[in-house]
Amino acid sequence: MSTGTRDYYELLGVKKTASADEIKKAYRRLARKHHPDLNPGDNAAEKKFKEINEAYEVLSDSKKKTEYDQFGKASFDGTRGFDGFKTGDFDFGFNNSGNSSTYGGTEEMFSDIFNRFRHEEASVRGHDLTTNLSISLEDAYNGVTKNITLKKESVCKKCMGTGAESSQPCSRCKGIGSVKQSRGLFKLSQPCSACNGTGMNVLKVCNACRGRGSSYGTETIKVKIPPGADTGSKVRLKGMGGPKPKGGLPGDLFIEFTVKPDPQFRRDGNDIYVDVPVTFDEAVLGGKIKVPTLSGDVTMTLPPGTDSGKKFKLKGKGIPNRKTGIRGDEFAVIKITVPKKVTSKTKEALEEIARSYKM
């Protein structure tokens, strides 16, 4: 036997005087906890699962239980192996290597539980909604809160989503919304077909929503735009999506941002670029110049002899990272401007400068 010296009653956590029903309940609880499908890759759980099934196979059979109570496990050693045992209505087969293979009815039963749980979880939520919000680069830089108005489906305020003006508890499920069905050793719950899982039967349909449980209308929603928002980034407003009439949870509303192009600044990730026009004499002689940033103008020292196209970095003047809050940088790109018209005096001065280049 695979359980070594451990007592079968101890494995199931019951006393020797336990009734058949108590043994069955203890087994069901432990089988659910240690089943390999619920503990993938856990060898300890699989071993425990084998042990409790071996114990239950003996203790659930009155003849085997009597032999075990009189002679212990010695009466079973050498008579048969553990592979391919059956308990109740389910085949918990294992292959000869000790690894789980197919579990017959149990595999189907657990698959049914998981699939039903996923289906019921999805069915109790309304659908998610997505809408777009255009924001300015300044909004993305600072982060702001805005109000947006949407036309969306909402729970009917008159019947509060029930779809009924008057109703009564379902006679089949007694208002619970689900009924239990036995399947072998296990009892599974499923939505009541008589009331579609609502627990209530409609006596009179709501005249405001005509039994739908929801209605369309405009709604103003407050949206917090986080600093660092970019085109394609989203925020989720939990419970602000489509309603699930008749008692279900609403879905979520996703706000997707589009950052509009800025006439002055260019964005590259979290960095900002801006063209800074300077005069010819400022480029030649250098000096203090003003550079625009998203937080206001700053003063920068321009070195003498600066070429057009030269970039200067203003550290920490860019867009903040949404996760870390660390700001990118701003790059000031120097653009030398040339006057379209010049006076005769200015022309003579420029000609003098031109001659100096040739000296």
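Only heavy atoms go into these numbers, but all of them, side chains included; no hydrogens, no water, no symmetry mates. For the single chain, residues carry numbers from 1 onward in sequence order.
A side-chain donor from one of T220 and T149 sits under 3.5 Å from a side-chain acceptor of the other. At a cut-off of 3.5 Å, with distance as the only test, no side-chain donor of E51 or Y8 sits close to an acceptor on the other residue.
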Working for side-chain contact (heavy atoms from CB on, under 4.5 Å), residues R236 and D252: CA-CA 7 Å; R236 183 178 72 168; D252 299 331; 3.4 Å; yes
Derivation of the side-chain contact (heavy atoms from CB on, under 4.5 Å) call for E219 and I221: CA-CA 6 Å; E219 186 174 349; I221 299 172; 4.2 Å; yes
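Within 6.0 Å of atom CZ in R210, 12 or fewer heavy atoms from other residues, nucleotides or ligands are found, so the atom counts as exposed in its surroundings.
Geometrically, R266 does not engage F331 in a cation-pi contact, judged by NZ or CZ lying under 6.0 Å from the ring centre and within 45° of the ring axis.
Here the CG-CG distance, from D329 to D268, works out to 11.5 Å after rounding to the nearest 0.5 Å.
The residues K317 and E330 are annotated as not salt-bridged, no charged nitrogen and carboxylate oxygen being separated by less than 4.0 angstrom. Salt bridge present: D21 and K25 bring a charged side-chain N and a carboxylate O closer than 4.0 Å. One finds no salt bridge joining R267 and D271 here, because no Lys/Arg side-chain nitrogen approaches an Asp/Glu carboxylate oxygen to under 4.0 Å. One finds no salt bridge joining K290 and D297 here, because no Lys/Arg side-chain nitrogen approaches an Asp/Glu carboxylate oxygen to under 4.0 Å.
Looking only at side-chain heavy atoms (C-beta outward), R172 and S193 come within less than 4.5 Å of each other.
Between the side chain of D139 and the backbone N or O of I135, no donor-acceptor pair lies under 3.5 Å.
Taking the six-membered ring where tryptophan is involved, the planes of Y9 and Y68 are tilted, since the angle between them lies from 30° to 60°.
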